[in-house]
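What follows is a short report on a single structure.
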Amino acid sequence: MTITRFIPPQRTLMGPGPSDVSPRVLQALSQPTIGHLDPLFVGMMDEVKALLQYAFQTTNAFTIAVSAPGSAGMETCFVNLVSAGDTVIVCRNGVFGDRMRENVERCGATAVMVDDEWGQPVDVSKVEAALKANPDTSIVAFVHAETSTGALSDAKALSALARQHDCLTIVDAVTSLGGVPLLVDEWQLDAVYSGSQKCLSCVPGLSPVTFSPRAVERMKTHDGKVQSWFLDQSLVLGYWSGEGKRSYHHTAPVNSLYALHESLLMLQQEGLENAWQRHREMHELLKAELEALGIEFLVDEAYRLPQLNAVAIPDGADDALVRQRLLNEYNLEIGAGLGTLAGKAWRIGLMGYAARKENIALCAKALKDVLG
Ligand SMILES: *Cc1c(COP(=O)(O)O)cnc(C)c1O
């Protein structure tokens, strides 16, 4: 076998992530690597923090990017805030809520599950009942935008409820950040994590996180050593915000952070409200195209995510074959159904740079041709 250079095709990414990366971000990624303790790089990291605070709409001092994908952001929140023996309420209305349960259990804590049907938002009254039944609960964890189903939950109401019961919140905002309103301070969310490759138009591999002062206080009372050395934020903070001089913790993914800086700058230049608006408008355009093809949405309009369109696979269409033809003939990737929706749904993403008219036109034409 002769191995030659790998030259990836130019695809259009309209699945659940990674989504299309902006050319500006790819260009930033290819700039010369400098040392991760170089004063110029440290200055850029400070700007990444400030840009992330804008994206999250927070003044939280502890706002950084974890050097690993969204799943590591999830784990960062759990391992630093959950001690063995704690009780955590975990809302599960799709794949990612179940991963939260895994995290809680691996911390040696008890996960009290609040289940809702796939495609439904988290039911706030069920969470209230669980809080009343489990008065020793210290944390409520939920997914804001469930990428596996396309449903948006009411983060503001869930946070208010958790506060009434003196609980912190851990919030999965991997798909919501940059795509739908997410107001960390106004809604008083405590530990929020996201991902670079969904609505931020950046490459995969980084996980923005933000912790409220309350969450930072809780971390300090963590029982014993945090089980993960790499994700122990008391160690990482010395690198992201060491006063004056920064200490080495791990080698930062220098070029990926250039990329994140550029993608966040793009978001700031567009304006957060305008980005939310663009996602909504592109969703409306896609919806009109899909409905013209007789394709139906799985999630009720009231809590449907604009950036992740879960639709029923039309009768008679061969799931795998359609997606394969879209990829091979149109260089277009859409997402398959996940978990209980496997074989029943397609997930069409309109995330970040992918949320634009050219993509919708391509997707509509390709689906029309392939479905005949
Ligand atoms: C994609 C996603 C994750 C995981 O992020 P990775 O970057 O794939 O590790 C977690 N939660 C939600 C809601 C997601 O959409």
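Model, not experiment: these values are computed from the prediction. Each ligand, and each atom within it, is numbered from 1 in the order the structure gives.
Of the options M351, K198, R99, Q197, the smallest heavy-atom separation from atom 14 (C) of ligand 1 is shown by K198. Nearest-heavy-atom check against atom 4 (C) of ligand 1 across P16, S71, G349 picks out S71.
For H250 and S67, the side-chain atoms include at least one donor-acceptor pair closer than 3.5 Å. Between the side chains of N309 and H283, at least one donor N or O lies within less than 3.5 Å of an accepting N or O. Residues N359 and Y353 bring no donor and acceptor atom of their side chains to less than 3.5 Å of each other. D185 and T59 form a side-chain donor-acceptor contact under 3.5 Å, judged by distance and modelled atom types alone. No hydrogens or angles considered: a donor-acceptor pair under 3.5 Å links the side chains of T147 and T175.
Scanning the protein for heavy atoms near atom 6 (P) of ligand 1, the closest one is G70 N, 3.5 Å. Looking only at heavy atoms of the protein, atom 15 (O) of ligand 1 is closest to T147 OG1, 2.3 Å. Regarding atom 11 (N) of ligand 1, its nearest protein heavy-atom neighbour is D172 OD2, 2.6 Å. With hydrogens left out, the protein atom closest to atom 3 (C) of ligand 1 is F96 CE2, 3.4 Å, a heavy atom.
The atoms of ligand 1 that sit less than 4.0 Å from any heavy atom of T175 are 15 (O). Each of the atoms 13 (C) of ligand 1 lies under 4.0 Å from some heavy atom of A145.
Taking the six-membered ring for Trp and thresholds of 30 and 60 degrees, H249 and W229 have nearly parallel ring planes, at less than 30 degrees apart.
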